[in-house]
Amino acid sequence: MIIVGHRGARHEAPENTVEGFTYAQANGCQHFELDIQLSSDFELMVFHDDTLVRTTGTRGKLSRADSQSLKKMDARRNTPGWITPCTIPSLQDVINNAPHAQHWQFEVKADSRHRLGILANKLDNFIAINALKDHVTVTSSDRWFLQLMQQQNRIIELGYVAEWRFPNPVETAIKLGCSYLCLNASLATAKRIAAAKAHNMHVSVWTVNDKNKMKELEGIGVDSVITDTPTFALKVFKNK
């Protein structure tokens, strides 16, 4: 079972921050999931929510703030006890500070089609410049965006993020040419996983923090679990 750090190590360190990824990597995690959005000046930023308030205390949307302003915001508000400030990073900041990562799931969040078109071009160039082709899967729940990425660059590996039973997750992933199926844990049935595996898809399940659930998912063929507590999860599978 591959352990994937959710937004770095969401319950262990400030999520989607350089500090979170370096903390997780220092504790043995080498596979990560993160969230990508565009700033108002079209920079690739690592952030989950549509609005800034939950992690920074700042009102407003990330898409309406420029990258330099975002990099000055302290994004550790939802991580009590973390001593040092942690700013909202660019995607380049994260990659530069986690050089030993073996694989990334870059989840692209919802946005307007105009901005997603810009994001697709920038992400394509980013992957090429940083030689990440063999170390990244671009994922999203936005089917239009995944279609665009497939048309733009068929070499980049894609993953469909499925939260609901409809549309059919496996059939949708197949139609979109995805090699990854990223399932909400509530959708991770043996039948659905077997259907995905029959089409040679990697099945990644989110978000799983309970050790018994992790072992159950391993038993029905799940390839990786995305977890808020990667340090704990790695110990669980090391001590099996």
Side-chain angles (χ1 to χ4, degrees), residues 1-13 15-16 20-21 23-36 46 48 78 98 100-109 134-143 146 157-240:
M1 175 71 80
I2 297 170
I3 302 302
V4 181
H6 186 217
R7 307 179 201 169
R10 183 171 175 251
H11 285 176
E12 300 176 10
E15 67 177 68
N16 280 334
F21 290 102
Y23 168 89
Q25 191 167 73
N27 283 279
C29 187
Q30 305 298 347
H31 294 77
F32 296 105
E33 182 269 357
L34 55 73
D35 305 286
I36 300 175
V46 178
H48 178 270
N78 65 322
H100 305 301
Q102 295 176 19
H103 189 266
W104 299 90
Q105 289 186 35
F106 287 171
E107 182 177 351
V108 174
K109 308 306 287 184
D134 297 326
H135 303 281
V136 68
T137 302
V138 176
T139 74
S140 185
S141 60
D142 191 303
R143 287 168 283 166
L146 290 173
E157 194 170 62
L158 301 178
Y160 176 56
V161 178
E163 186 170 5
W164 313 107
R165 287 186 299 152
F166 302 103
N168 183 292
V170 177
E171 291 179 3
T172 302
I174 293 168
K175 288 177 182 177
L176 293 169
C178 293
S179 54
Y180 265 56
L181 177 62
C182 306
L183 285 173
N184 182 303
S186 66
L187 299 178
T189 64
K191 182 178 180 180
R192 187 168 283 122
I193 291 161
K197 301 286 280 184
H199 290 273
N200 298 314
M201 274 187 270
H202 177 113
V203 180
S204 191
V205 176
W206 51 277
T207 304
V208 188
N209 297 327
D210 177 78
K211 67 177 182 180
N212 293 325
K213 185 65 174 179
M214 291 177 189
K215 291 178 179 179
E216 175 191 327
L217 292 169
E218 183 184 40
I220 59 174
V222 167
D223 298 290
S224 62
V225 290
I226 300 172
T227 179
D228 294 321
T229 55
T231 301
F232 166 75
L234 286 164
K235 289 177 181 177
V236 167
F237 283 92
K238 182 179 180 180
N239 297 325
K240 269 184 35 174

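Counting begins at 1 with the first residue of the sequence.
For the atom pair E171 CD and H199 NE2, the distance stands at 8.5 Å (nearest 0.5 Å). How far OH of Y160 is from CG of L146: 8.5 Å, rounded to the nearest 0.5 Å. Expressed to the nearest 0.5 Å, how far CD1 of I174 lies from CG of L181 amounts to 9.0 Å. Considering CD of E15 and CG of N78, their distance stands at 5.0 Å, rounded to 0.5 Å. For the atom pair H31 NE2 and L234 CG, the distance stands at 10.0 Å (nearest 0.5 Å). Summarising the geometry, atom CZ belonging to F106 is positioned 9.5 Å from atom OG1 belonging to T137; distances are rounded to the nearest 0.5 Å.
Of the possible polar contacts, one joining the N209 side chain to the D228 backbone as a donor-acceptor pair under 3.5 Å is found. Listed for the T139 side chain is no donor-acceptor partner under 3.5 Å among the backbone atoms of V161. For T207 (side chain) and I226 (main-chain N/O), no donor-acceptor pair under 3.5 Å exists by modelled atom type. A donor-acceptor pair under 3.5 Å is formed between the side chain of R192 and the backbone N or O of L187. Judged purely by atom type and a 3.5 angstrom limit, W206 uses its side chain to pair as donor or acceptor with the backbone of C182.
Annotation: salt bridge (Lys or Arg N to Asp or Glu O under 4.0 Å) contacts of K175 (sequence neighbours excluded): none. Remark: D35 pairs with R7, K109 by the salt bridge (Lys or Arg N to Asp or Glu O under 4.0 Å) rule, at least two apart or across chains.
A donor-acceptor pair shorter than 3.5 Å cannot be found between the side chains of H202 and S179. Side-chain contact check for E163 and S141: no donor-acceptor pair (N or O, by modelled atom type) lies under 3.5 Å. Side-chain contact check for S186 and N184: at least one donor-acceptor pair (N or O, by modelled atom type) lies under 3.5 Å.
Nearest approach of A233 to T227, heavy atoms of both residues: CB-CG2, 4.0 Å. In this structure, V136 and H103 approach most closely via the heavy-atom pair C-NE2, 3.7 Å. Listed here is the closest heavy atom pair of G20 and A13: CA-CB, 3.7 Å. In plain terms, the two heavy atoms of S204 and S224 that are nearest each other are OG-OG, 2.8 Å. For the residue pair V205 and A188, the shortest heavy atom distance occurs at CG2-CB, 3.9 Å. The two residues I3 and C29 make their nearest non-hydrogen contact at O-SG, 4.0 Å.
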How far apart are the C-alpha atoms of H135 and Q102, what are their side-chain angles, what is the distance that settles it, and do they pass the side chain to side chain contact (heavy atoms under 4.5 Å, CB included) test? CA-CA 6 Å; H135 303 281; Q102 295 176 19; 5.5 Å; no
Steps toward salt bridge (Lys or Arg N to Asp or Glu O under 4.0 Å) verdict (K215, E218): CA-CA 5 Å; K215 291 178 179 179; E218 183 184 40; over 6 Å; no
Between D223 and Y180, is a side chain to side chain contact (heavy atoms under 4.5 Å, CB included) present by the stated rule, with each step listed? CA-CA 10 Å; D223 298 290; Y180 265 56; over 6 Å; no
Test side chain to side chain contact (heavy atoms under 4.5 Å, CB included) on V222 and I193; report intermediate values, then the result. CA-CA 7 Å; V222 167; I193 291 161; 3.3 Å; yes
Walk me through whether V108 and V138 qualify under side chain to side chain contact (heavy atoms under 4.5 Å, CB included). CA-CA 7 Å; V108 174; V138 176; 4.1 Å; yes
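Between V208 and L217, some side-chain heavy-atom pair lies under the 4.5 Å cut-off.
Under a cut-off of 6.0 angstrom, the local environment of NZ in K197 is crowded, with over 12 non-hydrogen atoms contributed by other residues, nucleotides or ligands.
Ring pair F32/F21 is perpendicular by interplanar angle, where above 60° counts as perpendicular and below 30° as parallel.
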